[in-house]
Q: 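Quick one: the structure is below, and I'll ask about it shortly.
Lettering follows sequence order; numbering is per chain, from 1.
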Amino acid sequence: MPELIEVELYRKSAARAVGRTISSVTLPNLTYLKGTQGLDALQSATHNQNLNQVRRKGKLLILDIGDRSLGLRFGMTGRLVVDGKTPIERLLYTTPKVQRNHIRFVMTFAQGSELAMVDPRGFGNIELQPDETKLGPDAANISRQELGVSLKNSNATLKARLLNQQKISGLGNLLCDEILWRAGLDPRRPCRSLKERELDLLASSIKRTIKVLTQRGGSHVGDIQDQRRKTGICPKDGSELHRCSLGGRTTWWCPEHQR
DNA sequence: ATTGTGGCCTGCCCGC
DNA sequence: TGCGGGCAGGCCACAA
């Protein structure tokens with residue numbers, strides 16, 4: 001469940017390797033390489049090149065290498081390990097143990113040490129020159145006006161739209177539920193039904209929730225996280241939370257105050 | 001075009 | 001006790 005908050009931690013962790021020279025990359029399973037460029041292209045694009053910068057857009061971590069870019073996607077269970085350290089030991093829905101066959105990608109530096117991706121379920125991938133324009137504005141920086149554009153004229157449910165990385169990037173299932181719970185908005189609402197005042201609320205809830213959960217240390221430490229289960233109770237008003245599937249993801253919300 | 005669904009894959013938990 | 005089914009959710013291919 002690496003969402004924007006976790007990937008931002010990965011970015012900071014990877015930043016320690018900026019300025020190093022890449023001596024080799026290892027990809028135990030070729031299916032982990034996504035896109036049109038093959039292994040040869042990846043190797044020649046990285047060999048003896050410098051890691052110039054590390055950026056993030058949504059859940060995509062971007063390594064600028066020489067004059068190329070390499071995108072890292074972590075799927076549900078992907079962790080970044082830099083110089084043998086990972087900023088997140090415990091990830092929801094997966095084990096903290098590092099198994100050899102879960103190592104999906106290793107970048108070795110001439111200066112020593114390495115940057116690696118560990119991903120038990122293998123839903124993540126890497127891609128040379130990922131198309132960053134496919135991603136909507138980053139949720140951590142999205143403006144009120146951009147949010148309006150992302151949601152307007154859509155019949156999709158609010159929840160599904162917030163999960164759509166092309167419209168707004170970086171939010172995953174847990175963050176979405178927390179954001180909507182805090183904003184008091186029903187996740188099943190069609191986007192186009194939102195009033196201006198409600199969009200204001202949503203925009204500030206996105207900002208606030210990301211800030212608070214970043215301080216707490218992850219997407220999984222929201223106020224309703226412990227209640228995302230059968231007979232879970234709304235921490236605000238004590239109502240029993242409802243559950244349904246929206247955008248293909250399990251959604252929990254409070255029928256009392258989320259309207 | 002837009003929106004919804006299923007499947008990828010592994011590990012954990014629950015019930016029989 | 002041990003096993004198997006269900007579930008977790010990021011993302012893509014595909015369906016309606």
Side-chain angles (χ1 to χ4, degrees), chain A residues 1-10 28-36 56-62 71-80 88-105 117-127 130-136 138-139 149-180 187-193 213 218-222 224-232 241 243-253:
Chain A
M1 70 66 260
E3 304 185 28
L4 168 161
I5 292 173
E6 285 74 23
V7 179
E8 178 62 16
L9 289 173
Y10 293 165
N29 189 339
L30 273 184
T31 61
Y32 212 69
L33 180 59
K34 194 192 160 237
T36 54
R56 179 188 63 78
K57 184 163 188 187
K59 303 173 198 170
L60 178 68
L61 186 66
I62 304 153
L72 274 50
R73 298 187 183 88
F74 295 90
M76 270 187 67
T77 60
R79 285 187 293 161
L80 188 73
I88 300 171
E89 295 288 348
R90 304 185 62 82
L91 207 52
L92 239 45
Y93 314 120
T94 188
T95 40
K97 285 182 296 203
V98 173
Q99 291 179 28
R100 175 170 292 273
N101 58 322
H102 294 159
I103 299 171
R104 309 290 177 174
F105 174 63
M117 285 176 77
V118 179
D119 180 6
R121 288 173 69 175
F123 282 3
N125 60 64
I126 67 171
E127 183 179 9
D131 184 358
E132 299 174 33
T133 66
K134 279 189 192 158
L135 295 171
D138 188 88
V149 173
S150 294
L151 302 188
K152 76 170 182 188
N153 297 334
S154 172
N155 289 317
T157 61
L158 191 45
K159 173 73 180 272
R161 195 71 166 185
L162 290 177
L163 287 171
N164 186 337
Q165 302 298 302
Q166 296 185 44
K167 303 300 176 186
I168 171 173
S169 63
L171 301 181
N173 200 34
L174 303 182
L175 264 178
C176 275
D177 278 5
E178 180 77 9
I179 285 166
L180 293 174
R188 301 167 300 172
R189 292 260 306 267
C191 289
R192 63 179 343 131
S193 74
L213 297 206
S219 320
H220 60 292
V221 286
I224 62 160
Q225 182 62 35
D226 291 347
Q227 305 300 320
R228 295 180 85 257
R229 55 177 169 80
K230 228 174 169 183
T231 71
L241 296 183
R243 173 200 154 124
C244 69
S245 176
L246 292 172
R249 249 63 59 77
T250 303
T251 301
W252 295 90
W253 82 97

Q: Out of the candidates A:Val7, A:Leu60, A:Ile126, only one should pair with A:Leu72 under the side-chain contact (heavy atoms from CB on, under 4.5 Å) rule; please name it.
A: A:Ile126

Q: Ignoring backbone atoms, test whether A:Arg161 places a side-chain nitrogen or oxygen under 4.0 Å from the OP1 or OP2 oxygen of B:dT3.
A: yes

Q: Which pair of non-hydrogen atoms, one from A:Met76 and one from A:Pro2, has the smallest distance, and what is that distance?
A: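 Minimum heavy-atom contact is O-CD, 3.0 Å.
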
Q: Describe the nucleic acid contact of A:Lys34 in one word from base, sugar-phosphate, nothing, applying a heavy-atom distance below 4.0 Å.
A: sugar-phosphate

Q: Nearest to the side chain of A:Gln165, which nucleotide is it out of C:dG10, C:dC11, B:dG4?
A: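 Of C:dG10, C:dC11, B:dG4, C:dC11 is nearest to the side chain of A:Gln165.
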
Q: Over how many whole Å does the gap from A:Phe74 atom CZ to C:dG10 atom P extend?
A: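 Checked: the CZ to P distance equals 14 Å.
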
Q: Could you report the tightest heavy-atom contact between A:Tyr10 and A:Leu80, atom names first, then the distance?
A: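 Closest pair (atom of A:Tyr10, atom of A:Leu80, distance): O-CD2, 3.4 Å.
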
Q: Between the base of C:dA8 and the side chain of A:Arg228, is there a donor and acceptor pair under 3.5 angstrom?
A: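 Check fails, no donor-acceptor contact within cut-off.
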
Q: Measure across A:Leu162 and A:Cys176 and return the closest heavy-atom pair with its distance rounded to 0.1 Å.
A: CB-SG, 3.6 Å

Q: Could you tell me whether A:Asp138 and A:Arg56 make a salt bridge, using a distance below 4.0 angstrom between a side-chain N and a carboxylate O?
A: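 Yes, A:Asp138 and A:Arg56 are salt-bridged.
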
Q: Nearest whole angstrom, please: distance from the C1' of B:dT10 to the OH of A:Tyr32.
A: 13 Å

Q: Under 4.0 Å between a side-chain N or O of A:Ser154 and OP1 or OP2 of B:dT2?
A: no

Q: May I ask you to say what A:Gly122 touches in the nucleic acid, namely base, sugar-phosphate or nothing, with a heavy-atom cut-off under 4.0 Å?
A: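 Since no nucleic acid heavy atom lies under 4.0 Å of A:Gly122, the category is nothing.
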
Q: I need the CG-P distance between A:Leu151 and B:dT2, as an integer number of Å.
A: 14 Å

Q: Could you tell me the separation between the CD1 atom of A:Ile168 and the C1' atom of C:dC11, rounded to a whole number of Å?
A: 17 Å

Q: Out of C:dC12, B:dG4, C:dG10, which has the shortest distance to the side chain of A:Leu163?
A: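 So the side chain of A:Leu163 is nearest to C:dG10.
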
Q: If the P atom of B:dG6 is compared with that of C:dG6, how far apart are they to the nearest Å?
A: 14 Å

Q: For A:Tyr32 and A:Met117: C-alpha separation, side-chain torsions, deciding distance, then whether side-chain contact (heavy atoms from CB on, under 4.5 Å) applies.
A: CA-CA 11 Å; A:Tyr32 212 69; A:Met117 285 176 77; 3.4 Å; yes

Q: Could you work out the separation of C:dC3 and B:dC9 based on their P atoms and round it to a whole Å?
A: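 To the nearest whole Å, 24 Å.
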
Q: Both A:Leu60 and A:Arg243 contact DNA chain C. Which one's nearest nucleotide lies toward the 5' end?
A: A:Arg243

Q: Does A:Lys134 make a side-chain N or O approach to OP1 or OP2 of C:dC11 shorter than 4.0 Å?
A: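 Result: no.
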
Q: Can you tell which of C:dG10, B:dG11, B:dG4 lies closest to the side chain of A:Gln99?
A: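 Looking only at side-chain atoms, A:Gln99 lies closest to B:dG11.
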
Q: Is the shortest side-chain N/O distance from A:His102 to OP1 or OP2 of B:dC9 below 4.0 Å?
A: no

Q: Look at the side chain of A:Ala156 and decide which nucleotide, out of C:dG10, B:dG4, B:dT10, has an atom nearest to it.
A: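 Closest of the options to the side chain of A:Ala156: B:dG4.
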
Q: Could you give the NZ-to-P distance, from A:Lys159 to B:dG4, as a whole number of Å?
A: 13 Å

Q: Whole-Å distance between B:dT3 P and A:Asn164 CG?
A: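 Rounding to the nearest Å, CG of A:Asn164 and P of B:dT3 are 9 Å apart.
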
Q: So, is A:Arg249 near the phosphate of C:dA8, with a side-chain N or O under 4.0 Å from OP1 or OP2?
A: no

Q: Considering only C:dG10, B:dT10, C:dC12, which nucleotide approaches the side chain of A:Arg121 most closely?
A: B:dT10

Q: In Watson-Crick or G-U wobble terms, both distances under 3.5 Å, what is the partner of B:dC9?
A: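 WC or wobble partner does not exist here.
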
Q: With respect to A:Asn125, which candidate in A:Arg104, A:Arg73, A:Lys34 satisfies the side-chain hydrogen bond (donor to acceptor under 3.5 Å, both in side chains) definition?
A: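 Answer to the side-chain hydrogen bond (donor to acceptor under 3.5 Å, both in side chains) test with A:Asn125 among A:Arg104, A:Arg73, A:Lys34: A:Arg73.
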
Q: In whole Å, I'd like the distance from the CG atom of A:Asp119 to the C1' atom of B:dG11.
A: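 Between C1' of B:dG11 and CG of A:Asp119: 13 Å.
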
Q: Could you work out which one of C:dC12, B:dT3, B:dG4 sits closest to the side chain of A:Asn155?
A: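 Looking only at heavy atoms from C-beta outward on A:Asn155, the closest nucleotide is B:dT3.
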
Q: Please classify the nucleic acid contact of A:Thr250 as base, sugar-phosphate, or nothing, using heavy-atom distances under 4.0 Å.
A: sugar-phosphate

Q: Once you round it to whole Å, what is the distance between C1' of B:dC8 and CG of A:Asn125?
A: 12 Å

